[in-house]
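Naming: A, B, ... by sequence-line order, numbering from 1 per chain.
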Amino acid sequence: MRRKRWIHTSPLLLGLPAGIFLLAFFIVPLGYVTLLSFTEPSWGIGNYRDLFNSRLFLATLGNTFWTAILVTGLSLLLAYPLAYVAATSKGTISRTILLVVALSFWTSYLVRTYAWMVILGVQGPLPAFIAVFGYSPPPRLLFTNFAATLGMTHGLIPFMTMALFAVMKRIDPRLLDAAGSLGAKPWRVFWHIYLPLSAPGIINGITLVFITCLGFYVMPVLLGSPREQTIAGLIGDRMEQVLDFGGAAAMALILLAVSLGLFAVYSRYFGMDRLWGGRA
Amino acid sequence: MTARSLSLTNLMKHYGGLQRAVDDVSLDVAPGEFITFLGPSGSGKTTTLMMIAGFQEPSGGQINIAGRSVEHIPAYERNIGVVFQNYALFPHMTVEHNVAFPLKMRGVGKKEREPKSKDALARVGLQGFADRHPGELSGGQQQRVALARALVFEPDLILLDEPLGALDKNLREHMQLELKRIHREAGVTMIYVTHDQTEAMTMSDRIAVFNSGRIEQVGTPLDVYFKPKTKFVASFVGDSNLIDADVVGRDGSVKASDLGQFNVDLSDHRPGERVSLLIRPEMIRLRKDSHQDPNVHSCQFTIESMVNYGDNILVIGTAGQTNLRVRVPSLDGKWLREGMMCIAEWNRDNVHVVSGP
């Protein structure tokens with residue numbers, strides 16, 4: 001009898017370590033941040049009211065979204081052909097593409113960010129290259145929105161490529177042959193068959209990249225323009241420079257709410273399990 | 001639908017190495033014919049089909065459809081309907097849109113597409129399924145949709161690549177009859193690839209037997225079954241006893257070591273030549289004792305094992321050192337027991353001589 005009860009409760013016990021971990025390092029801090037946003041410096045919704053009346057905050061929110069849209073669009077445009085070639089070609093070409101994407105993925109964001117700082121910096125190769133064409137002095141590249149967008153796009157292309165590749169790899173090549181035999185020219189095969197079948201990958205990639213973009217810290221802060229910040233940078237400033245923990249907490253929660261909202265839309269229409277590689 | 005002829009001339013396909021996937025295949029298919037490419041996997045039958053469809057480029061030789069050379073025409077301009085083994089239906093389109101797809105690609109207007117695709121679906125018995133998605137259909141139904149999609153644009157040829165391979169036995173037999181009916185009604189030239197010899201026998205006007213990249217024999221099902229030209233055809237199509245023998249006389253007498261000397265129909269074989277004799281298992285009869293008949297040859301037979309198939313019994317045994325397989329109707333074989341000695345006999349005109357030992 002005792003033995004039986006032990007068997008019944010054991011699956012719950014298996015989940016215990018992860019449960020404790022999540023509670024200690026995720027639920028509790030998040031609860032604390034929520035609490036801060038309503039209590040610091042005084043009780044009430046003052047922090048939120050101030051934020052929605054703050055031009056800087058609203059402009060930053062707008063800039064964050066605009067940058068995220070831009071980065072997502074650019075990564076999709078660049079990653080789609082890459083994933084397509086990786087998924088449809090055989091052997092060496094496919095392996096090489098995946099290896100390069102994975103290498104980029106495994107390199108720390110910080111390393112990649114500093115690499116961009118060197119490339120884009122005043123003494124860097126890119127401004128020097130532009131100067132060759134007679135732009136003197138060369139345009140300022142580092143610490144602009146351009147640099148931040150470039151860095152983030154580079155940082156997130158691996159995510160987009162993987163999301164697309166996972167879905168494209170499952171497209172039956174026979175379907176493309178079939179479409180051809182039914183009279184579809186190659187570009188119509190792509191338009192009518194391949195593109196719709198790869199759509200789940202596009203949606204997965206867009207969601208993943210867009211939401212990651214919203215909270216990206218390292219690249220926008222180190223590469224971007226100090227005058228046109230993103231939310232993550234603004235939160236950092238609030239805490240480190242103004243010590244306004246309540247305001248920073250409220251911003252973090254607004255960002256979280258927006259991300260969750262987007263996830264909810266995605267989940268409602270496309271299903272959460274697909275994002276994590278479930279069956280399309 | 002206007003039926004078209006197909007002709008293959010010295011068709012070749014090799015992938016780098018020495019081994020040729022398709023080696024010098026020539027074949028003429030008459031308009032409206034139902035021809036089957038029969039062979040084991042790797043025999044080149046599917047590769048040949050893929051070259052006709054335009055999915056693979058021949059390394060050499062010609063493909064003519066209705067007298068027009070098509071080797072350099074891309075698949076999407078060949079006007080050939082292909083039915084794939086895994087159906088290859090577009091999962092994101094409804095059944096009707098799948099069937100209308102080839103019409104849409106040919107610039108047929110929306111108003112014309114609908115009645116045509118409904119008509120094609122009716123022809124395969126799938127009225128009322130137009131708005132389903134392929135994922136909601138059974139394997140047999142998906143196969144019908146694939147067939148409707150290949151029929152709807154009135155192609156010059158329809159190619160079928162093991163289309164019934166994924167279906168269970170009963171459904172398969174049903175679909176064989178359906179396919180024959182559709183072929184009769186549409187009158188279109190059909191090329192059917194299978195490794196299943198029963199399927200080939202029951203459906204085809206003619207069968208082309210493939211082995212290691214070559215066609216070993218082309219003929220009607222009865223020709224291929226009763227008069228195989230090679231040992232491969234004799235053993236691949238149907239159950240068989242192949243017995244080595246020597247030609248001993250000009251009168252058609254042959255001698256097989258354990259079965260003795262007897263006369264068969266020999267036209268172009270000379271004394272001293274070694275040949276193979278094909279005796280189909282169902283042509284051998286088992287008796288308790290021998291009787292005299294000049295047209296019948298008999299020998300001693302020992303039963304080693306028996307397999308009961310319900311309608312017939314497969315009796316495996318030996319005559320001397322030679323193994324023989326015998327098929328006996330169940331009702332005629334009630335007296336047979338394993339280990340029993342009896343007489344095996346066959347009519348001399350039921351023995352077919354295959355060239356070469």
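Other residues, nucleotides and ligands place no more than 12 heavy atoms under 6.0 Å from the CD1 atom of A:Ile93. Within 6.0 Å of NZ in B:Lys13 there are more than 12 heavy atoms belonging to other residues, nucleotides or ligands.
Contacts between B:Asn86 and chain A at a heavy-atom distance below 4.5 Å involve the side chain alone, from C-beta outward. Contacts between A:Ala179 and chain B at a heavy-atom distance below 4.5 Å involve backbone atoms as well as side-chain atoms. Proximity to chain A (any heavy atom under 4.5 Å) is restricted, for B:Arg106, to the side chain, taken from C-beta onward. Using a 4.5 Å cut-off between heavy atoms, B:Leu89 touches chain A through its backbone atoms (N, CA, C, O) alone. With a threshold of 4.5 angstrom between heavy atoms, A:Arg174 approaches chain B through its backbone and through its side chain.
Side-chain contact between A:Asp177 and B:Phe84: present, with at least one pair of heavy atoms (C-beta onward) separated by less than 4.5 Å. Using a 4.5 Å cut-off on side-chain heavy atoms (C-beta onward), A:Pro186 and B:Tyr76 make contact.
For the pair B:Met93 and A:Ile193, the tightest heavy-atom approach, listed with the atom from each and the gap, is CE-CD1, 3.7 Å. Smallest separation of non-hydrogen atoms from B:Pro91 and A:Leu197: CG-CD2, 3.6 Å. Summarising the geometry of B:Met105 relative to A:Ala184, their closest heavy-atom pair is SD-CB, 3.5 Å, with the distance given to 0.1 Å.
The distance from atom OG of A:Ser181 to atom CG of B:Asn79, rounded to the nearest 0.5 Å, is 10.5 Å. Interatomic distance, CG of A:Asp172 versus CZ of B:Phe90, reported as 10.5 Å (0.5 Å rounding). Between B:His92 atom NE2 and A:His192 atom NE2 the span is 9.0 Å, to the nearest 0.5 Å.
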| request: Please test A:Leu182 against B:Arg149 for side-chain contact (heavy atoms from CB on, under 4.5 Å), starting from the C-alpha separation and ending with a verdict. | output: CA-CA 8 Å; A:Leu182 294 168; B:Arg149 190 176 65 176; 3.4 Å; yes

